[in-house]
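Since we're looking at a predicted model, the values are computed, not measured. Order of the sequence lines sets the chain letters (A, B, ...), proteins ahead of strands, with each chain counted from 1. These numbers come from the heavy atoms of this one structure, side chains and all, not from hydrogens, waters or symmetry mates.
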Amino acid sequence: MYAKVIVDIATGQTNRAFDYQIPASLEMLARPGSRVTVPFGARKIQGFIWRIEDKTELARVKPITDVLDPHPVLTQELLELGEYLAVETVCFLITAYQSMIPAAIRAKPKKKIELLVSTETLPPVLQAVFQKQTTIDWKDLPDDKAVMQHVQEAVRHEQIRIDYQVKDQTKKQTKRMLKLHPEHRTHAASLTAKAKKQLELYDWFLSIGDEEAAVPAAQLLHEQTASRAVIQGLVEKNILMERNQESYRDPFEDRSFEATPPQELTRDQQRALDPITEKTSREKHHTFLLHGVTGSGKTEVYLQAIDRVLQQGREAIVLVPEISLTPQMVERFKGRFGDQVAVMHSALSRGERYDEWRRVHAGDAKVAVGARSAIFAPFKNVGLIIIDEEHEGSYKQEDHPRYHAREVAIWRGIYHGAPVVLGSATPSLESYARAGREVYQLLEMPERINQKQLPAIDVVDMRDELHKGNRSVFSETLLEKLKDRLEKGEQSILFLNRRGYSSFVMCRSCGYTAECPHCEITLTYHQTKHQLKCHYCGYEEAMPATCPSCESEQIRYFGTGTQKVEEELTKVLPEARIIRMDMDTTTKKGSHEQMLRRFGNGEADILLGTQMIAKGLDFPMITLVGVLAADTMLHLPDFRAPERTFQLLTQVSGRAGRDKLQGEVVIQSYSPDHYSIQFAKNHDYPSFSRHEMGQRKRGGYPPYYYLTMVNVSHEEIGVALKTAEKVTSRLREELSPQAKILGPTVSPIARIKDRYRYQCMIKYRDEPELTKILNDIAVHYQKETAQDKLFITIDMYPQLFL
DNA sequence: GGTATGACCGCT
DNA sequence: GCGGTCATACCT
């Protein structure tokens, strides 16, 4: 038998299957989707078996070295999905497959040299290198010609051997388990009365009453106060037996989850649930758009739909934007489905993520809740896929493979005959338009479950505040309302939108702004280190004391950070207890969750934060939401800016008044009349959508046109431009006349890491040949891109335009 | 991505 | 004629 293997080398030349012979000893293990190690040239590398066939066209093939897992890591479905992704997103097959498995088992080959003879027989140079070790890492070798020569010599004389190891990056954890030896009764005779502790432990084991019961050694040490020596004694006497058992790391080990029984559904909820369960029970794919206002109880609909699917013996995938942002979501899922839930998320350690993935892979978990990549959960019988907050930009992966989780979800839904539910209070215009054309089925939940009104929204014109002489970040209105909540003992959220509003450095005297020497972008000021940093290449420099251009001392940083707001807040409301949540305060693992818990327990009056507090928080005591600068991202050069602003304002507003108390929202803005802000104020999604659709139609943007962005960059500006022109003219020739090809134009960021960037935008409605042409272009420039001189990136549904 | 290979160059 | 460097082809 022969295996067609996709090797772990992401280049154009190796983007195809290589044939290997399957040795008889591995025939049982080698299956499509198995991870394998194979010889490749002089090396040993990792790969995936793609297909198994009984013949090969090659005269001589090498055998597979090893199969790495007892069960294939990729299912037949995922193998096929990878092929689809590679074509649709223009990436290598191996890149698609690697993105489907946890980082812990992604290939990371190591080159080592192994000593075959005793040290003394080596030349002195190598003796010094090896010292007392028998194997050393290749990268630890001194970069020295003489040493290298000796190494080659020694390899020829078979004194040392070069060894390629392909190891997982994280080990499976094992637990030491102890149980009674099958013949413990016969051996028990050797226990004398002198071994008091051993007798005690033996008796304890007998008292369990189950001869087969295995107990973790750790438990014996803690709860039975048995010492290591006591256990060892019984093992040596063949009374106890020990064995290492693979175990899962449990990221929620020290947490218990309160059971959350199914709630009675409102009429809206029931009307949303019925069409979904109608499809799940018939195992039919269908895409639903669940449009429910904030607080309308979408999660309960998800939970009950999942429950039906589990009863059918099928599995469910739930995507959430970033789960650490919504610990409450995890609680509700764990509370309803307990251990059947696997949480897959970036805040977990690599080992924990691996183990949650393994629980899904082994069939021990039936519901996968996680961020974008959880869409690849290796289930075999998916019955339902849910994407919560479907409008979120984070469902699009911004590096290879540049997939959108929504499209992957629909692909898997069709494969399994499983419905896909897209849920949001503010659906993306793309999805809403598809629902309008009945490509998706629209389910509406226009009312909150508690019959509460949506919070009243007050838009404050900050220009007026300035005229009144108020130079603080808080308007009078907001400050008054904050004081009011403080007196009543109610809670407030203050939201500072920082996107497109970072702190930059400018000289007040000559207008100089600090820029990165490698990228055409302003440097960002970091208060913690008092440094200037480039967000694109990582370049850092110290904050200058005087202006490098005119030597004036009037060089200052601008922009408002949460830290500054906090300082000001403590000045005007000294008695308020404040929790600040941003990138700086939530870096430590679990700190995020802990802060939210403290806020939930009423240990603070005001929660101040950035994007991360905009979504999913559900605390009954929040009655006031303040948005400090609503329009910071309104004026970014991005056609989605108004949509993002509307979504964000609606989401944050939705945090207020979710329980018995009525909520209120204050939005501070310098452009209060902008339609995004006005429609958000009136909770009027349909009108916003209609208005924005008009704008998109005029501009030729999605959902009227699809977009694809091709970006070309090179160290030499001439080569970059020339190549971009060639690519553009080729697209003009080969696409239909209906397609609009814009460019090439200079990128909004004209230079990154010393490379000049040009881009070409394709606007189109129906171009079945497009992906083929783009793949051809990628192959055509393969040589240049392989040499790392020319970069061509192709992004099928770009979210960002920088 | 890493390695073997052969062309090319400068020095003997 | 030879060692060193560099671009390039190839890997089953």
Open item on the list: Over 60° means perpendicular and under 30° means parallel, so tell me whether A:Phe18 and A:Phe40 are parallel, tilted or perpendicular.
Closed with: perpendicular
Open item on the list: Side chains of A:Glu77 and A:His416 only: does a donor on one sit below 3.5 Å from an acceptor on the other?
Closed with: yes
Open item on the list: Any residue in residues 96-113 of chain A with a heavy atom nearer than 4.0 angstrom to DNA chain B? Just list them by number, or reply none.
Closed with: A:Lys111
Task: Residues which pass side-chain contact (heavy atoms from CB on, under 4.5 Å) with A:Arg372, listed by chain and number, not counting sequence neighbours - done: A:Gln397, A:Tyr403, A:Ala405
Task: By side-chain contact (heavy atoms from CB on, under 4.5 Å) - contacts of A:Leu58 (at least two apart) - done: A:Asp19, A:Thr56, A:Val61
Open item on the list: For a quick check of understanding: with a heavy-atom distance under 4.0 Å over all strands, which category does A:Tyr164 fall into, base, sugar-phosphate or nothing?
Closed with: sugar-phosphate
Task: Where protein sits on nucleotides 7-12 of chain C, one letter per nucleotide: B base, S sugar-phosphate only, - none, heavy atoms under 4.0 Å - done: -SSBBB
- [ ] Decide whether A:Thr119 and A:Gln127 meet the rule of one side-chain donor and one side-chain acceptor closer than 3.5 Å.
- [x] no
Open item on the list: Once side-chain contact (heavy atoms from CB on, under 4.5 Å) is applied, do any residues pair with A:Asp754, and if so which ones, sequence neighbours excluded?
Closed with: A:His518, A:Arg751
TODO: Using a strict 4.0 Å threshold on nitrogen-to-oxygen distance, state whether A:Glu356 and A:Arg359 make a salt bridge.
DONE: yes
Task: Ion pair check, A:Glu246 and A:Arg358, cut-off under 4.0 Å - done: yes
Heteroatom pairs (N/O) under 3.5 angstrom, protein to nucleotides 8-10 of chain B:
none

Task: Sub-4.5 Å side-chain heavy-atom contact between A:Thr723 and A:Tyr758 - done: no
Task: Note: A:Lys396-A:Asp795 ion pair, threshold 4.0 Å (strictly below) - done: yes
